[in-house]
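Just so it is clear, the structure is predicted and the values come from calculations on it, not from any experiment. One-based numbering along the sequence shown.
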Amino acid sequence: MSKVAVVYWSMTGNTEKMANAVADGAKKAGAQADVIEASSFGPDKIDAYDAIGFGCPAMGDEVLEEDVFEPMFTACEPKLNGKKIALFGSYDWGDGEWMRSWNDRCQAAGAEMACDFVICHLEPEQDGITACEQLGAALV
C-alpha cells in the first residue's frame, strides 16, 4: 500500500479543506494518507512516504506563508529529488504566480510532479474539491 503525506498550512481553513480532499482522493485510490500540519513536518519524515502533497495559500505578494510553511519547505527541498509530489493551495488575489513559482522551484529541486497543481479562489467549491481528490489519486 502506498503511503502519502498531505502537508499543509492554512489560516482561514480553505487550504485545510483542500488538504482533506487530497487525502480523501489518495485513500479512495488505495493509499494510506496522513494529513499533517506544516509545523509538524520536516525533512526527517520525507523518507517515510512514497509521495507528498504540499498545500499552502498565497500570502502577501503571492508568496508561500513565511513563518511556518516556507522554513519547513526550504528544509525539505534538498530531499525532494526523485520524490513524487503535487502542489495545491488557495488565494484571494493575484493570478497564481505563487503557485507557478513554487512549481518551478520543485522541478528545479528534481521532484517528480505527479500532476498539475490545483488552486482555488478562496473556499474550494465542488469543482475544486473534485480537483483536489484527483490530485490525491495522482499521488498513489
Side-chain angles (χ1 to χ4, degrees):
M1 175 182 290
S2 181
K3 192 171 178 185
V4 174
V6 182
V7 181
Y8 75 96
W9 185 91
S10 186
M11 181 177 8
T12 63
N14 295 336
T15 303
E16 182 178 14
K17 288 178 185 175
M18 295 175 76
N20 288 322
V22 169
D24 288 346
K27 290 174 185 174
K28 288 176 187 173
Q32 174 189 331
D34 297 330
V35 179
I36 306 166
E37 290 186 29
S39 61
S40 298
F41 194 81
D44 58 318
K45 297 186 178 181
I46 288 177
D47 292 338
Y49 294 94
D50 300 303
I52 304 169
F54 286 105
C56 187
M59 301 295 289
D61 191 23
E62 287 209 70
V63 296
L64 298 173
E65 189 279 327
E66 297 174 305
D67 294 327
V68 177
F69 195 89
E70 177 66 43
M72 176 279 302
F73 190 78
T74 298
C76 291
E77 213 164 348
K79 294 195 77 172
L80 295 182
N81 187 31
K83 182 61 77 173
K84 187 183 215 182
I85 70 166
L87 307 176
F88 62 94
S90 60
Y91 71 103
D92 185 15
W93 62 88
D95 69 354
E97 179 184 349
W98 105 99
M99 187 62 74
R100 292 188 302 275
S101 297
W102 188 17
N103 188 73
D104 292 347
R105 182 175 164 188
C106 292
Q107 289 179 334
E112 176 191 331
M113 304 308 289
C115 59
D116 288 337
F117 54 78
V118 173
I119 57 176
C120 293
H121 182 249
L122 299 173
E123 184 173 358
E125 296 183 10
Q126 187 55 50
D127 60 336
I129 295 295
T130 299
C132 287
E133 290 173 345
Q134 291 169 344
L135 184 146
L139 287 167
V140 177

Q: Roughly how far, to the nearest 0.5 Å, is the CD atom of Q134 from the CG atom of L139?
A: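 That separation rounds to 12.5 Å.
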
Q: Please give me the minimum heavy-atom distance between V7 and A38, naming the atom from each residue.
A: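 Looks like CG1-CA, 4.0 Å.
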
Q: Answer yes or no: is there a side-chain heavy-atom contact under 4.5 Å between I46 and F41?
A: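 I46 reaches F41 side chain to side chain.
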
Q: Determine the minimum heavy-atom distance between D50 and M1, stating which atoms define it.
A: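 Smallest interatomic distance, heavy atoms only, reads OD2-O, 4.1 Å.
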
Q: Please answer: with hydrophobic residues joined when any side-chain heavy atoms are less than 4.5 Å apart, are V22 and Y49 in the same cluster?
A: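 No, it is not one cluster - the side chains of V22 and Y49 are not joined through contacts under 4.5 Å.
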
Q: Indicate yes or no: at least one non-hydrogen side-chain atom of F117 is less than 4.5 angstrom from one of W102.
A: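 No, side chains not in contact.
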
Q: Rounded to the nearest 0.5 Å, what separates atom CZ in F54 from atom CZ in F69?
A: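 Separation between the atoms: 6.0 Å.
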
Q: Can you tell if the side chain of M113 reaches within under 4.5 Å of the side chain of I85, non-hydrogen atoms only?
A: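 Heavy-atom side-chain distance check passes, below 4.5 Å.
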
Q: Quick one: closest heavy-atom pair of A23 and A33, and the distance?
A: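 Closest approach of A23 to A33: O-CB, 3.8 Å.
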
Q: For a 4.5 angstrom cut-off between non-hydrogen side-chain atoms, does E37 reach V68?
A: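 Sidechains of V68 and E37: no contact.
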
Q: For K3 and D34: C-alpha separation, side-chain torsions, deciding distance, then whether side-chain contact (heavy atoms from CB on, under 4.5 Å) applies.
A: CA-CA 8 Å; K3 192 171 178 185; D34 297 330; 3.7 Å; yes

Q: Where do A138 and A114 come nearest, in terms of heavy atoms and distance?
A: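 Heavy atoms of A138 and A114 come nearest at O-CB, 3.6 Å.
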
Q: For the atom pair CD (E125) and OG1 (T130), what is the distance rounded to the nearest 0.5 Å?
A: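 Interatomic distance, E125 CD to T130 OG1, rounded to 0.5 Å: 11.5 Å.
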
Q: For S40 versus K45, what's the shortest heavy-atom pair and its separation?
A: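 Where S40 meets K45 most closely, the heavy atoms are O-NZ, 2.7 Å.
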
Q: Evaluate the side-chain proximity of R105 to T74: yes if any heavy-atom separation is below 4.5 Å, no if none is.
A: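 A side-chain contact under 4.5 Å exists here.
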
Q: Checking side chain to side chain contact (heavy atoms under 4.5 Å, CB included) between S90 and each of P57, S10, C56, which is the one that passes?
A: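 So, applying the side chain to side chain contact (heavy atoms under 4.5 Å, CB included) to S90 and each of P57, S10, C56, only P57 qualifies.
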
Q: Side chains of T15 and W9, heavy atoms from C-beta outward: is any pair under 4.5 Å?
A: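 T15 vs W9: side chains apart.
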
Q: Considering only heavy atoms from C-beta outward, does the side chain of K79 approach that of D47 to under 4.5 Å?
A: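 Yes; the side chains approach each other to less than 4.5 Å.
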
Q: Please find the pair of heavy atoms, one from A19 and one from V6, that lie closest to each other, and give the distance.
A: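 Looking at all heavy atoms of both residues, the closest pair is O-CG1, 3.5 Å.
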
Q: How about M11: does its CE atom have over 12 heavy atoms from other parts shown lying under 6.0 Å from it?
A: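 Not more than 12 within 6.0 Å, no.
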
Q: Which value, rounded to the nearest 0.5 Å, describes the distance between Y91 atom OH and M99 atom CE?
A: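 It comes to 10.5 Å.
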
Q: Tell me whether the count of non-hydrogen atoms from other residues, nucleotides or ligands lying under 6.0 Å of CD in E62 goes above 12.
A: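 More than 12 heavy atoms, drawn from other residues, nucleotides or ligands, come within 6.0 Å of this atom.
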
Q: Nearest 0.5 Å, please: how far is SG in C120 from CG in D92?
A: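 These two atoms lie 13.0 Å from each other.
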
Q: In Å, rounded to the nearest 0.5 Å, how long is the span from CE of M72 to CG of D67?
A: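 M72 CE to D67 CG: 13.0 Å, rounded to 0.5 Å.
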
Q: Among the clusters formed by ILVMFWY side chains lying less than 4.5 Å apart, do I36 and L87 turn up in the same one?
A: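 I36 clusters together with L87.
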
Q: With a sphere of 6.0 Å drawn around CG of D61, does it hold more than 12 non-hydrogen atoms of other residues, nucleotides or ligands?
A: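 No, CG of D61 has 12 or fewer neighbouring heavy atoms, counting only those of other groups under 6.0 Å.
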
Q: Is M18 linked to F73 within one hydrophobic cluster, defined over Ile, Leu, Val, Met, Phe, Trp and Tyr using a side-chain heavy-atom separation of less than 4.5 Å?
A: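 In one cluster: no.
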
